[in-house]
S.K.: 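Quick one: the structure is below, questions incoming.
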Amino acid sequence: MSELLNGLNDKQKEAAMYVDGPLLILAGAGSGKTRTLTYKIAYLLEEGIVKPWEILAITFTNKAAKEMKTRVESLIGENGNDIWLGTFHSVCVRILKREINLIGYSTDFNIFDELDKEKVIKEVLKKLNIDDKVYPVSLIKYEISNAKDKMIDYVKYKNDAIGDFRKEKIAEVYELYQKTLKQNNALDFDDIIMLTVKIFLENPDRLNYYQNKFKYILVDEYQDTNKVQFILISLLSAAHGKICVVGDESQSIYGFRGADISNILNFEREYPNAKVVKLEENYRSTKNILNAANEVIKNNKSKIDKKLWTENDEGEKICYKTLPNEYEEVEFVVDKIDEICKKENKTYSDFAVLFRTNAQARVLEEVFMRNGTPYKLIGGLKFYSRKEIKDLTSYLKLIQNKDDNISLKRIINEPKRGIGDTALDRLDILATENNISIFELIQDSNNLIGIRSAGNIIMFRDMINELIALKDKIKISELMKEVLKKSGYEDMLNQEDSKESEMRFENLMEFIGVAMEFENETADATLADFLDSIALVSDVDKLDESSEAVTLMTMHSAKGLEFDDVFLVGMEDGLFPSKRSIDEVDGIEEERRLCYVGITRAKERLYITNASKRTLYGSTTYTMPSRFVDEISDDLLDEESQENKSLRKRKSEDYLDNEYSQVDSIISSNNFIPKSTSNKSSFGLSVDSFLKNISGVSSKPSYESKSFNNDYTVGMQVKHKKFGVGVIKKIEEEGEDFKLDIQFENFGFKRLMANFTPLEIIEK
DNA sequence: ACCGTCGCCATTTTT
DNA sequence: TGGCGACGGT
């Protein structure tokens, strides 16, 4: 036997070496799952059991795929590139690029993101004269996506809907939506998987080819696979059954997206000869943290019998703290981080703050910035959904795929070229009538007779044609620069000459930088490849562990990651577990699994916090601690936290009896605040400040307001009382304030808010 | 055609 | 709270 596997424990070794048939690895959090998978691939290759290109390995994120690839390479040498290693989506796109013409799409296809999708649905609703108040876009999006996850195309959906008026309506939308996508030669996320399966089902020879090609299949995070993904994997492994899936049902947190936990629970039923290996030793966390996780998850009914243990130390007790409001909650976090950093030899990247909803991110950002604590926020405002990035992408998508009407509509009048809605509507109708794309329609100037902006449309068309001619002659990054020049986008931003337009331009430059990086990494990089790659990246993929900053993200995004010290913030019933999950039995179980994921991210220390009063979505409420906190027994908490726990329990009851009703009665009995209209009183006082006046409680701490300060310029030398001398590298507008990126001589890079930071200007 | 303003609405998680 | 669409004025 090879020495290769010496780095594994017995169970891991057993899992790595079993390659004869279906294998289910039940891998608890922190049990060395990725390690086992990596070694398994290395073992397969080194033993000569399969060739690299005969391995199909599917991970949950691109980042995980990349990591695995490098690790395999460092274990066995240089041929990791030939392995088919990627997410379900990236692997399927790769297959579709070869096979999609079998189902009547062309290989130039574009991938539509959520925004494109919504646009199409809105258009369809309008065309079908369906009221989007009765059938909201969000609902339809969800219905279509759900159907596709279950392999239900619009024909079947329509059949199933007979007799149900509502469903019949939705079926109509689904049908036209799908036809529109096809006409645009575009796929949405769900199509990528569903159509791949469709090709296999309709073309046995193609299925056969890939069945023979992939002699060994591995799937990571198996608990998060949905029905179509299950079918895909089953089809591909049907011939030889050489399949290894790894997962942990306790970490299944994507049920809302169609992930089907029964895929993993019933694996042994699907594959009766399957071998099962349980990895139960945890290498990540202290005993206290692990016990807390175990205590929480044991309240779930549906789980496979499995208990994590560790030989690590007990570690510190868990800290549970309640703060008056969400601002002070985060201030506590920031102070704690500073305190630990000072005391111990830790860097900011050892910390993570995890939260349930993205809406919480705003306060986190505000307080971190004000305090000068470097942070990286994952998710939230996505780079690729910024207007300017979407615009440039739309140009590229149209250049790549002339049938993409959605992209064309987005940019035909961006920058403004005097082509308005009336003209566009006419083009749209005409194109639909002739069954061609809008871009094709405007190739013939005769089609534009009678349209006032015909001249402008012709100029637009010629410009795009020129860019199309350039497409294969120059590099992607060069093409992007050409687009910005020829389209007048660059001129538009220059003319605007505001802080905002400057920022937009910088974003575009950053985007071009991404393209350059792509060109360097990928041999023969085509525009299509680039567009696919940006459509399929997630925010976590871009997480840079090396940069010294605290990671702020949702618990969902945190899956698969680990940090020394973890803060779980906003642990309040209604927020976490979320209000909407509380009624559903399975809902609360999924939330509990999410909590389990959150807790098990921590290696050394775990902080759990909540605010007794929280303002979210514009309304302020008094909160109750999360039920998950109750599930952690007292002996795992430090003394102060135990007190807080019992106090808070009583206190929240008190709130309901006394304080809350008191405040409530003041509000309702007082004529200052008209209940029906808004939360502003006739004196312009918000409920917040009103409450502050009567009770001395405020949800936002008040800060001394300084005069509005935007005297700073890039390159200026400044002095901060804590960080000393530094140079301003970047200024970004942020509401009425400015973010300043400053490189300090002794304290490194910081991001500060101009209005909250006392800075002395040393030199201009 | 364009731009600004108003009011309504939802509001979990995302490959 | 804020994002988005509808509407109306220029």
Side-chain angles (χ1 to χ4, degrees), chain A residues 58-65 86-93 111 113-115 117-119 122 126 132-133 136-139 141-142 145 148-149 188-193 220-221 224-226 228-229 252-259 354-363 378-382 385 387 413-424 452-453 456 535-541 553-560 570 574-582 584 587 590-591 593-595 597-598 614-620 677-680 686-688 699-700 735:
Chain A
I58 294 172
T59 56
F60 199 67
T61 62
N62 294 296
K63 185 165 165 275
T87 62
F88 270 103
H89 296 271
S90 68
V91 165
C92 285
V93 165
I111 297 167
D113 64 17
E114 291 312 289
L115 245 93
K117 228 160 123 177
E118 279 169 26
K119 248 194 184 128
K122 273 177 202 158
K126 207 170 254 174
D132 65 354
K133 295 255 158 42
V137 174
S138 56
L139 170 92
K141 225 171 76 175
Y142 180 80
S145 184
K148 287 182 177 178
D149 281 351
D188 65 20
F189 266 106
D190 309 302
D191 283 338
I192 292 173
I193 320 268
D220 195 6
E221 307 283 10
D224 286 323
T225 50
N226 63 28
V228 221
Q229 292 168 338
S252 162
I253 53 173
Y254 286 100
F256 67 94
R257 204 168 84 185
L354 308 182
F355 44 87
R356 177 66 240 264
T357 74
N358 272 314
Q360 294 166 260
R362 180 156 298 157
V363 177
I378 309 298
L381 287 158
K382 281 187 205 112
S385 42
K387 187 186 181 309
N413 202 29
E414 192 67 54
K416 301 275 171 280
R417 304 187 171 85
I419 305 169
D421 291 343
T422 17
L424 208 48
R452 220 171 304 166
S453 46
N456 296 334
L536 298 176
V537 293
S538 71
D539 289 293
V540 188
D541 291 333
M553 61 181 159
T554 64
M555 298 198 206
H556 280 90
S557 310
K559 198 179 63 162
L575 185 60
F576 189 37
S578 87
K579 228 185 195 117
R580 297 170 80 140
S581 70
I582 286 175
E584 313 152 41
E590 178 146 320
E591 295 283 297
R593 291 192 290 266
L594 184 58
C595 183
V597 168
R614 178 176 299 272
T615 308
L616 203 65
Y617 303 121
S619 62
T620 304
T677 48
S678 75
N679 69 345
K680 295 262 165 125
S686 69
V687 172
D688 260 352
S699 66
K700 287 177 196 176

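Excluded from the calculations below are hydrogen atoms, water molecules and symmetry mates; all remaining heavy atoms, backbone and side chain alike, are included.
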S.K.: Check whether any side-chain nitrogen or oxygen of A:S581 sits under 4.0 Å from OP1 or OP2 of B:dT12, and answer yes or no.
M.R.: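 No.
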S.K.: Hey, is the side chain of A:R356 poking within less than 4.0 Å of OP1 or OP2 on B:dT12, counting only N and O atoms?
M.R.: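 The answer is no; no side-chain N or O of A:R356 sits under 4.0 Å from OP1 or OP2.
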S.K.: Among B:dC2, B:dT13, B:dT15, find the nucleotide with the atom closest to the side chain of A:N413.
M.R.: B:dC2
S.K.: A:Y254 on top of B:dT13's base, within under 5.5 Å and under 30°?
M.R.: no
S.K.: Would one find a side-chain N or O of A:N62 under 4.0 angstrom from OP1 or OP2 of B:dT15?
M.R.: no
S.K.: Starting at the 5' end of DNA chain B and moving along, which residue's nearest nucleotide shows up first, A:R257 or A:S138?
M.R.: A:S138
S.K.: Could you list the residues that satisfy side chain to side chain donor-acceptor pair (under 3.5 Å) with A:K141, not counting sequence neighbours?
M.R.: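 Only A:E114, A:E118 meet the side chain to side chain donor-acceptor pair (under 3.5 Å) criterion with A:K141.
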S.K.: Identify, between A:S453 and A:L594, the residue whose nearest nucleotide on DNA chain B lies closer to the 5' end.
M.R.: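 Between the two, 5'-proximity favours A:S453.
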S.K.: Counting only side-chain N and O atoms of A:T554, is one of them less than 4.0 Å from OP1 or OP2 of B:dT14?
M.R.: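 Answer yes for this pair, as a side-chain N or O of A:T554 is under 4.0 Å from OP1 or OP2.
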S.K.: Of the listed nucleotides (B:dT15, B:dA1, B:dC2), which one gets closest to any side-chain atom of A:E114?
M.R.: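 Of B:dT15, B:dA1, B:dC2, B:dT15 is nearest to the side chain of A:E114.
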S.K.: Tell me, do A:I193 and A:H89 make a side-chain contact under 4.5 Å, heavy atoms counted?
M.R.: yes
S.K.: In terms of side-chain geometry, is the basic nitrogen of A:E591 or A:R593 positioned less than 4.0 Å from the acidic oxygen of its partner?
M.R.: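 So A:E591 does not pair with A:R593 through a salt bridge.
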S.K.: NZ of A:K579 versus C1' of B:dT13: gap in Å, rounded?
M.R.: 17 Å
S.K.: Between B:dT15, B:dC3, B:dT14, which nucleotide has the shortest distance from any of its atoms to the side chain of A:K416?
M.R.: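 Closest nucleotide to the A:K416 side chain: B:dC3.
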S.K.: Are A:R362 and C:dG2 close enough that a side-chain N or O sits under 4.0 Å from OP1 or OP2?
M.R.: yes
S.K.: Would one find a side-chain N or O of A:S557 under 4.0 angstrom from OP1 or OP2 of B:dT13?
M.R.: no
S.K.: When all nucleic acid strands are considered with a 4.0 Å heavy-atom cut-off, which category describes A:F60: base, sugar-phosphate, or nothing?
M.R.: sugar-phosphate
S.K.: Would A:F189 pass as stacked on B:dT15, i.e. its ring centre under 5.5 Å from the base's six-membered ring centre and planes under 30° apart?
M.R.: yes
S.K.: What's the CG-C1' distance between A:N358 and C:dG3, to the nearest Å?
M.R.: 15 Å
S.K.: In whole angstrom, give me the gap between the C1' atoms of C:dC4 and B:dT13.
M.R.: 22 Å
S.K.: I want to verify a distance call: between B:dT12, B:dT14, B:dC2, whose nearest atom is closest to the A:S578 side chain?
M.R.: B:dT12
S.K.: I'd like a table of atom pairs between the protein and nucleotides 5-10 of chain C - only N or O on both sides, under 3.5 Å - with the distance next to each one.
M.R.:
{"from": "C:dG5", "atom 1": "OP1", "to": "A:K122", "atom 2": "NZ", "distance (Å)": "2.7"}

